[in-house]
Structure formats: structure tokens, C-alpha cells
Protein chains: 2
Amino acid sequence: MGRDVDRQELALLLRRLTVELDAVGQRFAELHGLNRTDVRALVAVMDAARRGTSLTAGALGEAVDLRSASVTALVDRLERVGHLRRVRNPEDRRRVSLEMSDTAMAAGGEFFGGLQRDLMAAMSDYSDEELETVARFLTAMTDVIVRHQRPEPTARP
Amino acid sequence: MGRDVDRQELALLLRRLTVELDAVGQRFAELHGLNRTDVRALVAVMDAARRGTSLTAGALGEAVDLRSASVTALVDRLERVGHLRRVRNPEDRRRVSLEMSDTAMAAGGEFFGGLQRDLMAAMSDYSDEELETVARFLTAMTDVIVRHQRPEPTARP
DNA sequence: GCTAATCTCTCGAACATCGAGACAATCCAC
DNA sequence: GTGGATTGTCTCGATGTTCGAGAGATTAGC
């Protein structure tokens, strides 16, 4: 019985963590006069930049699950406040690549980078073996969640 | 160096987990023709019910961070589709208590209860000791996140 | 070249959220 | 009790975000 209680609490811990992490994004948004979608978009663009690529308008729409009309409005907003730049792709001039401004990059780095630094510092209290266990656990839980999220894997054509 | 890489990946795992869990909520919303806020509200009401209490309109507004005008619209929506009931509190008739309908309770239970069940099943692969480590880790990370989220603890009056 | 496909943008409508303020019920001091 | 302040919810009008439909520009296939 004690075990079940622990596991339920563990599930609650997962949820609490997501809630708090969500609140961090919310706080960043308020701090910079953005809404939730804008932050998600900036994060997506930043992640792409970190991977060495740059997102197109369409790719951003997929990343944040928005239709093209909304992406246009979204990029308009972010461009207006100077967080993003539109750059016509010279190879395929239908495409618009999105690039973060240096100031936005710096602001994001300061906010989320600081959090990341603190998280990694807090990990120092754990042995490599323990961290390995945690990683395995998180991966397993994420897999379960992903399986729930995907539409039922029904029969193939 | 290897350690740092592991830790960075661990931080990414945390983020990925929140993203996927968020997507679960999104999926539930789409499945039931709701928006994100509606789902958050239903979860809040459901949590309260599970604790044996019932939320008032004001408390719900605090829980999902919405002004009273928006809460009214929100509850209107949820009441219109039959997920919520408004119940005037007989002791303080200014208050409106919110109660979930049985169908909404059942739908939520099936969806999120099923996820919870699968999560807990997946936890069977871990020893009590390992689960304890994970719980400690998650608590520590959440604490770090919460600390980031709160406005700087500046000087006292 | 011509046609189909792809990518982004424009336009108008639908909807969520908000601030200000109205309205009703309760609490408190007297 | 009675009057005024407080509390809790709702109404109204304005603002901002999202979407569907479709236009415009560019590229790919033949």
C-alpha cells in the first residue's frame, strides 16, 4: 500500500513540475510583454538556431501548431518588437526564414540559460548512477505519455 | 565533460516531458471541443472535487489566472456544454460553487485516469529505492524552478 | 513554356480575454 | 437593527489572437 501512495505522489510530482515550468514561461512572457504563443515561438526559433538551422514560417507554424494566417500575425508581432527578422530565402524565394535578433537571443539566454545553470548545479547533489536512473525514468514516463497522446494506432490501410 | 552532457540532456528530458504532457492536455481539449483554458479549469475543478471541496467562481479564476469577466465567460461555456453546473452557495448567496457533471467526471477520469494508470504501471520497473531517488530529484528540480519563477526576493520593508 | 504544387500573405469573421462598472448579498461598527 | 464598506459575480464594450478561404508569387515537373 505504501508503495502505491508513493507512486501516486510521484505522478503528482511530474504534474507539478510541468505546472511550474509552464509558469516560468508565463513569467518570461509577462516580463517581456508577450503571450504564451509568442514565447513558444521564440523558443522554437532559438532551438533551431542552436541546432545551426533556421526555421521557415511554415516550420514555425508546425512547431507551435498554428495555421499560416496566425503565423503571419505572430511573426508580425515579433518582428514589430524587434525579436525576429524575416529573411527571404535566396534559394527558394517563396520561403521566409526567421532569425532571432541579438537582443532577443540575449534575453532568452539570460532567462532560460540561468534556469538551466541552476538546474544543472542542483544536479551536482546526485551521483552519476542516480542521474542515470532518473534519466531512464524520465524517458520511460515520456514514452508512456507520448503513447497516450498519439491517436490510437489503429489498423493499417 | 561526459557528465555535463548527461546533465544537459537531463534538463532537455525535463522539458520534453512537459511538452508532451502539455500535448496530452491539448489532445484532450481537441477531442472534446474545448480550448486549453477550459481544460485547465476542468482539471482544477476536478482536483477540488477529489479533495472533497468545491471551487467557487473566484477561486477558479485564481487557479487558472483569469479575471472575473473571463471566468464568467469560461463557466458559461462549460455550463453550456454540460460539463459544469453553477450552484448558488446557500450560506453566502453571493458565491457560486462549481460542480462537475457526471459525464465530464467520467470523461476526465477515463482520459487522465488511464494515463495515470499507465504511468504507475511503468513505475513497476523501478525499485523503491530508485523511485525514492527520482522523487528526491524531481522535488529538487521543482524547487529550483519555483525559485526562478518567483520575483526576485528583494530587500524586506 | 505551361500546369500543378508549394509557400506566404491578406481579408473578414469568430472567439477569448480584459477593464470598468453595475448589482446583489454579507459583514461590521455603532 | 441600520448604514456604509466590503465581497463575489455578472454585464458591457474594446482589444487581440486565431482561423478558413482565397490571392499572389515562386518553384518543380513534364
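Each chain gets a letter, A, B and so on, in the order the sequences are listed, and its residues count up from 1.
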Figure out the [atom1]/[atom2] separation between [X] and [N], and round it to whole Å.
X        : N       : atom1 : atom2 : result
Asn89(B) : dG8(D)  : CG    : P     : 11 Å
Arg67(B) : dG13(D) : CZ    : P     : 22 Å
Arg93(B) : dT9(D)  : CZ    : P     : 14 Å
Leu78(A) : dT18(D) : CG    : P     : 10 Å
Leu74(B) : dT17(C) : CG    : P     : 7 Å
Gln26(A) : dT17(C) : CD    : C1'   : 13 Å
Leu60(A) : dT8(C)  : CG    : P     : 10 Å
Arg95(A) : dC9(C)  : CZ    : P     : 13 Å

**Message:** A side-chain contact here means heavy atoms from C-beta on lying under 4.5 Å apart; do Leu14(A) and Leu10(A) qualify?
**Reply:**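 In short, these two side chains do not touch, never coming nearer than 4.5 Å.
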Q: With the side chain counted from C-beta on, respond yes when Val39(A) and Asn35(A) share a heavy-atom pair under 4.5 Å apart, and no when they do not.
A: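 They are not in contact (no side-chain heavy atoms under 4.5 Å apart), so the answer is no.
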Side-chain N or O of Arg77(A) versus OP1/OP2 of dT18(D): is the shortest distance under 4.0 Å?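 So the side-chain polar atoms of Arg77(A) do come within 4.0 Å of the phosphate oxygens OP1 or OP2 of dT18(D), strictly under.
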Point to revise | Asn35(A) vs dG16(D): side-chain N/O to OP1/OP2 distance below 4.0 Å | key: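 Checking dG16(D) against Asn35(A), no side-chain N or O comes under 4.0 Å of OP1 or OP2.
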Candidates [options] - which lies nearest the side chain of [X]:
X        : options                  : answer
Asp92(B) : dT9(D), dA16(C), dA25(C) : dA25(C)
Ala69(B) : dC18(C), dC7(C), dT8(C)  : dC18(C)
Thr72(A) : dT10(C), dC7(C), dG8(D)  : dT10(C)

Donor-acceptor pair, side chain of Thr133(A) and main chain of Glu129(A), under 3.5 angstrom: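 Answer holds: yes.
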Check: With nearest nucleotides of DNA chain D determined for Asp65(A) and Ala57(B) from heavy-atom distances, which residue corresponds to the more 5′ nucleotide?
Finding: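 This one resolves to Ala57(B).
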**OP:** With DNA chain D as reference, determine whether Thr56(B) or Thr37(A) sits nearer its 5' end, using the nearest nucleotide of each.
**Re:**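 Its nearest nucleotide being more 5', the pick is Thr56(B).
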query: NA contact type, Arg86(B), heavy-atom cut-off 4.0 Å: base, sugar-phosphate, or nothing?
result: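 Here Arg86(B) touches the backbone only, sparing every base.
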Q. Parallel, tilted or perpendicular for His83(A) and His32(A), by the 30°/60° rule?
A.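 Answer is perpendicular, since the angle exceeds 60°.
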How are the rings of His148(B) and Phe111(A) set to each other: parallel, tilted or perpendicular (split at 30° and 60°)?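 Answer is perpendicular, since the angle exceeds 60°.
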When you measure only distances, ignoring hydrogens and angles, does the side chain of Arg94(B) come within 3.5 Å of the base of dT7(D) through a donor and an acceptor?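 Looking at the base of dT7(D), it does pair with a donor or acceptor on the side chain of Arg94(B) (distance under 3.5 Å).
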**Report entry** Side-chain-base donor-acceptor pair under 3.5 Å for Ser68(B) and dC10(D)
**Finding:**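 For Ser68(B), whose side chain was compared with the base of dC10(D), there is a donor-acceptor pair (under 3.5 Å).
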